[in-house]
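Comments concern the structure below.
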Amino acid sequence: MSCSVGRTRHISGFANVSNLPTRPAPMLARTVTSLVALSGGRVVLGMGAGGRWDRISDMGVPRLSPGDAVDAFEEAVILVRKLSGGGPPVTHRGRHYRVNEIAPAPVAAPPVWTGSVGPKSLAATGRVADGWIPGHAADWLSERYRTSRPVIDTAAAAVDRDPREIRTVFNLPGRITDRPLPARRDRDGRWIGGSAGQWADELTEAGLEHGAAGFTLFSPGGGMQDLASLAGWGQEIAPAVREAIAKENGARR
């Protein structure tokens with residue numbers, strides 16, 4: 001990532017996603033703040049409580065219960081921020097992490113995004129995270145989004161945060177086609193794609209009517225998108241969405 005962001009001026013790097021049990025918070029803080037410094041702040045940190053615990057424990061990491069893993073995740077977000085932004089040395093005596101007289105990095109921590117799914121992790125996202133990506137590529141019309149986002153908002157409000165501070169970014173699989181498709185969604189309501197114009201219309205509506213703050217494109221079959229789709233996304237769809245949202249927001253003022 002450091003090579004990529006160092007060679008660009010506008011594109012941000014996204015660590016998607018850092019597995020905390022194998023990347024302890026104090027070391028993670030050092031790594032990501034170095035990337036922030038190298039990139040001029042163009043880094044987003046994806047953090048996860050840990051999955052596939054059989055493989056994690058094979059690496060010598062003590063196994064945590066799901067509840068403890070979420071508690072460790074929330075404490076880690078707090079500690080990463082403590083260890084950034086300058087100031088006096090940090091001593092932290094938490095349940096899962098302990099550091100003694102560690103000088104924080106001079107640069108601020110990057111925004112932290114999560115892919116929380118369960119109620120406990122969703123609530124942790126509301127209390128401490130900056131962004132949320134709904135799991136299983138659930139978009140703004142899905143039941144998962146409709147039932148999960150209120151958990152985040154309630155938890156945020158409970159600690160006097162404005163829920164709007166936690167941005168929602170959607171993972172979107174789908175085809176970018178040369179011609180418009182007769183149906184942009186399947187029978188279950190999941191997005192399947194369409195022409196550049198159909199994508200732009202859909203994403204503009206998501207931004208204006210459903211609070212979408214960003215989108216990540218990935219291949220319907222998994223893995224990397226083909227170069228033609230990436231070109232369509234970057235040269236046609238993204239600029240059209242930005243322009244349409246800016247125009248509409250300007251008209252609403």
Side-chain angles (χ1 to χ4, degrees), residues 1-17 35 38-46 110-115 130-146 149 164 166-253:
M1 182 189 296
S2 60
C3 178
S4 298
V5 297
R7 294 169 58 186
T8 63
R9 294 185 178 182
H10 303 290
I11 297 174
S12 295
F14 177 31
N16 187 19
V17 61
L35 290 173
L38 289 169
S39 68
R42 290 178 291 115
V43 174
V44 175
L45 174 60
V112 174
W113 293 359
T114 83
D130 303 293
W132 174 58
I133 303 175
H136 307 290
D139 69 20
W140 48 93
L141 300 183
S142 68
E143 180 68 18
R144 180 180 295 275
Y145 172 75
R146 288 194 298 270
R149 182 67 210 204
R164 292 172 296 183
I166 301 100
R167 307 172 70 193
T168 305
V169 179
F170 294 94
N171 283 334
L172 282 179
R175 296 181 295 134
I176 301 175
T177 59
D178 293 332
R179 298 180 179 180
L181 296 181
R184 296 178 290 184
R185 293 181 177 270
D186 64 18
R187 293 180 179 179
D188 296 324
R190 292 182 67 86
W191 175 253
I192 57 176
S195 66
Q198 288 177 312
W199 276 88
D201 289 345
E202 190 80 16
L203 301 190
T204 297
E205 180 182 351
L208 292 173
E209 305 300 332
H210 302 283
F215 310 95
T216 303
L217 174 70
F218 63 96
S219 170
M224 293 292 293
Q225 273 283 7
D226 62 274
L227 292 179
S229 294
L230 291 176
W233 179 265
Q235 296 173 4
E236 297 181 67
I237 297 170
V241 173
R242 289 195 188 100
E243 182 179 353
I245 289 178
K247 181 178 181 180
E248 180 62 26
N249 285 338
R252 291 180 179 182
R253 290 194 180 99

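Only this structure's heavy atoms are used, side chains among them; waters, hydrogens and symmetry mates stay out.
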Nearest heavy-atom contact between Ala138 and Phe170 is O-CD2, 3.4 Å
Those residues at least two apart in sequence (or on a different chain) that pass side-chain contact (heavy atoms from CB on, under 4.5 Å) with Val241 are Ala200, Leu203, Thr204, Ile237, Ile245
Residue pairs passing the salt bridge (charged side-chain N to carboxylate O under 4.0 Å, His left out) test with at least one member in residues 187-203, sequence neighbours excluded, are Arg184-Glu202, Arg185-Glu202
OG1 (Thr168) and CH2 (Trp113) are apart, to the nearest 0.5 Å, by 10.5 Å
Ring pair (Phe, Tyr, Trp, His ring centres under 6.0 Å) filter on Trp199, not counting sequence neighbours, yields Trp191, Trp233
Exercise. Using the side-chain contact (heavy atoms from CB on, under 4.5 Å) rule, take Ile133 and Phe14 through it: C-alpha gap first, then chi angles, then the decisive distance, then the call.
Key: CA-CA 12 Å; Ile133 303 175; Phe14 177 31; 3.8 Å; yes
Taking the side chain as C-beta and beyond, is there a heavy-atom pair between Leu217 and Ile176 under 4.5 Å? yes
Residues passing the side-chain contact (heavy atoms from CB on, under 4.5 Å) test with Pro239, sequence neighbours excluded, are none
Between the CG atom in Leu45 and the CG atom in Asn16, the distance rounded to the nearest 0.5 Å is 10.0 Å
Residue pairs passing the salt bridge (charged side-chain N to carboxylate O under 4.0 Å, His left out) test with at least one member in residues 205-230, sequence neighbours excluded, are Glu209-Arg252
* Asked: Would you find a donor on one side and an acceptor on the other, under 3.5 Å apart, between the side chain of Arg167 and the backbone of Ala213?
  -> yes
Checklist line | Whether over 12 other heavy atoms sit under 6.0 Å from Arg242 CZ | finding: no
Scanning both residues in full, the closest heavy-atom pair of Glu248 with Leu208 reads CG-CD1, 3.6 Å
Worksheet item: Would a distance-only check, ignoring hydrogens and angles, find a side-chain to backbone donor-acceptor pair under 3.5 Å from Ser195 to Asp178?
Response: no
What one should report as the nearest heavy-atom pair of Gly135 and Arg144 is O-CD, 3.3 Å
- Task: Using the side-chain contact (heavy atoms from CB on, under 4.5 Å) rule, take Asp139 and His210 through it: C-alpha gap first, then chi angles, then the decisive distance, then the call.
- Result: CA-CA 10 Å; Asp139 69 20; His210 302 283; over 6 Å; no
Contacts of Pro173 meeting side-chain contact (heavy atoms from CB on, under 4.5 Å) (sequence neighbours excluded), chain-then-number -> Ala137, Phe218
